[in-house]
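Everything below concerns the one structure shown next.
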There are 2 protein chains.
Amino acid sequence: MQQKLREHIEKIVPLTDDEFAFVLSHFTTKSYKKREFLIREGNSVKYAYFVVSGLLMLIYNNESGKQHIVSFAMEDWWESDFLAYHTQTKATMSLQCLEDTDVFCLSLEDYQQLCAGLQKMEHFFLRKANAGHIGSQQRILSFLTSNAKERYEQLLKRYPSLFQRVPKSLLASYLGVSRETLSRLAR
Amino acid sequence: MQQKLREHIEKIVPLTDDEFAFVLSHFTTKSYKKREFLIREGNSVKYAYFVVSGLLMLIYNNESGKQHIVSFAMEDWWESDFLAYHTQTKATMSLQCLEDTDVFCLSLEDYQQLCAGLQKMEHFFLRKANAGHIGSQQRILSFLTSNAKERYEQLLKRYPSLFQRVPKSLLASYLGVSRETLSRLAR
DNA sequence: TTTAAATTGTGATGTTTGTCACGCAGGGGA
DNA sequence: TCCCCTGCGTGACAAACATCACAATTTAAA
């Protein structure tokens, strides 16, 4: 499990054993069962999570109780309600397991100490944040340029494993269409 | 003009005069006229831009030549085709002036030297990148949860000045609806 | 000033997508 | 074993939105 985290970080910044020990001392680990919540809307957001194994979904519920999937988080992904995390406000989204999931947990305080204590890690998080920004912008682009069918095909192409692991109704929610429409598209 | 950049950075990290001189030495400045391009699709992306005054739009043109506005960049915003910038690949988007615009230009090399040479600046960019990621995610949420009229009203509320500065047809493109639909919504 | 181009509004019509309703199949718990 | 819940497909209809066409107005250029 530690090895997974180390390899993930070392894709961007190489670490000595001592440095990795320092990094590791800022994390805790936790296991969750399918359907458990890591973050609940309205609660405070203590951690950002690194997914070692399993699958999470980040959910936004609007006033009328309709559920929208903001993102899925698979192995090697970082996830949280980052707005609430960084600003220390109440969560507006929920983070829930779609499968049994193992994560590393990083509190905001530990995140800040890690960045301050080891510039390599600040650099690592900068690279991750840039990648996250670019990825979100690509998703915005797909909403601007593509209809439901095209978005569906792009998702299928990019993350084929999701179609084995996630109910179609949730994929529909991620794509921003009704489950009925998705069902008709997939022909 | 320098003062604008300094104040912008110091909202996040305070700088000594020497530090700011170091920062400044990595930037160049440039002025563009309305309708000029800072980045053209297909060309290399030399710089990320900090907008001192004026207004830019980031545009994606799909295969059939239809123009989609990915974002507007006003005073105090950073903008570029960040994917092409960070990966040193050809631009897939264009960056064009909607008004006469003054910018600071930062090459990738200078960006990296700045981050390596002054941890405060790496921290500054990390904060900016996180904010950018969160902002994009909010925009994704608006596509998932809101119809055209609601997105229009959210934009009006958040950036009222845009409605004086930008043709409605471009706002429509940013919102992902046709200009005719936007025209009918605005009643 | 005159002329051309860009911007905006609006009607008519077609397409896409959402909503409601129903049926069917499969799997896990009592 | 039985049953209920979840997931999935599909028909009928309504709502949202795109597209095409045209006119009026404003802006910018010659």
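Note: hydrogens, waters and symmetry copies are ignored here, and every other heavy atom, side chains too, is used. Naming convention: chains lettered A, B, ... in sequence-line order (proteins, then strands); numbering from 1 in each chain.
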Legend entry - Side chain proximity check, B:Thr16 to B:Phe20, heavy atoms < 4.5 angstrom: no
Inset, instruction - Round to the nearest Å and state the distance from A:Gln67 atom CD to D:dG7 atom P. - result: 10 Å
Check residues 167-184 of chain B and write down every donor-acceptor pair under 3.5 Å in which the side-chain atom is one partner and the other belongs to a residue at least two apart or another chain.
from     : atom 1 : to       : atom 2 : distance (Å)
B:Ser173 : OG     : B:Gln67  : O      : 3.2
B:Ser173 : OG     : B:Ile69  : N      : 2.9
B:Ser178 : OG     : B:Thr181 : N      : 3.2
B:Ser178 : OG     : B:Thr181 : OG1    : 3.0

Inset, instruction - State whether A:Phe37 and A:Arg40 meet the cation-pi test: NZ (Lys) or CZ (Arg) under 6.0 Å from the six-membered ring centroid, and within 45° of the perpendicular axis. - result: yes
Legend entry - Side-chain donor-acceptor contact under 3.5 Å, B:Thr145 with A:Asn62: no
Legend entry - Separation of atom CG in A:Leu182 from atom C1' in D:dG7, rounded to whole Å: 12 Å
Inset, instruction - Run the salt-bridge test on A:Asp17 and A:Arg6 with the 4.0 Å N-O cut-off and return the result as yes or no. - result: yes
Distance-only donor-acceptor hits, side chain of residues 106-117 of chain A, under 3.5 Å, sequence neighbours excluded:
from     : atom 1 : to       : atom 2 : distance (Å)
A:Ser107 : OG     : A:Asp110 : N      : 3.1
A:Ser107 : OG     : A:Asp110 : OD2    : 3.0
A:Tyr111 : OH     : B:Asn130 : ND2    : 3.2

Legend entry - A:Leu98 CG - D:dG7 C1' separation (whole Å): 14 Å
Inset, instruction - Please list, by residue number, the residues of residues 137-156 of chain A whose heavy atoms come closer than 4.0 Å to an atom of DNA chain D; answer none if no residue qualifies. - result: none
Inset, instruction - Report the distance from atom CZ of B:Phe163 to atom P of C:dT7, rounded to the nearest whole Å. - result: 16 Å
Inset, instruction - Establish, with yes or no, whether the OP1 or OP2 oxygen of C:dT7 is under 4.0 angstrom from a side-chain nitrogen or oxygen of B:Ser169. - result: no
Inset, instruction - In plain terms, say whether B:Lys128 and B:Glu79 are close enough for a salt bridge, that is, a side-chain N and a carboxylate O under 4.0 Å apart. - result: no
Legend entry - C:dT17 OP1/OP2 closer than 4.0 Å to side-chain N/O of A:Thr181: no
Hey, what are the protein-to-nucleotides 24-30 of chain C N/O distances that come in under 3.5 Å?
none

Taking only N/O atoms, report every protein-nucleotides 20-29 of chain D pair under 3.5 Å with atom names and distance.
from   : atom 1 : to       : atom 2 : distance (Å)
D:dC20 : N4     : B:Glu180 : OE2    : 3.2

Inset, instruction - Measure centre to centre between the rings of B:His26 and B:Phe104, then say whether the value is under 6.0 Å. - result: no
Inset, instruction - Give a yes or no on whether a salt bridge exists between A:Lys34 and A:Asp100, defined as a side-chain N under 4.0 angstrom from a carboxylate O. - result: no
Legend entry - Terminal axes of the helix from C:dT1-D:dA30 to C:dA30-D:dT1 (five pairs each): angle between them, nearest 10 degrees: 40°
Inset, instruction - Using the rule that two of Ile, Leu, Val, Met, Phe, Trp, Tyr join whenever any of their side-chain heavy atoms come within less than 4.5 Å, decide whether B:Ile59 and A:Phe143 are in one cluster. - result: no
Legend entry - Value in whole Å for how far the C1' atom of D:dA16 lies from CG of B:Leu185: 10 Å
Legend entry - Salt-bridge present (B:Asp76, B:Lys11; N to O < 4.0 Å): yes
Legend entry - Spatial distance of atom CG (A:Leu58) from atom CE (A:Met93) [nearest 0.5 Å]: 4.5 Å
Legend entry - NZ/NE/NH1/NH2 to OD/OE distance under 4.0 Å, B:Glu122 and A:Arg127: no
Inset, instruction - Name the closest nucleotide to the A:Lys168 side chain, picking from C:dT10, D:dG9, D:dT19. - result: D:dG9
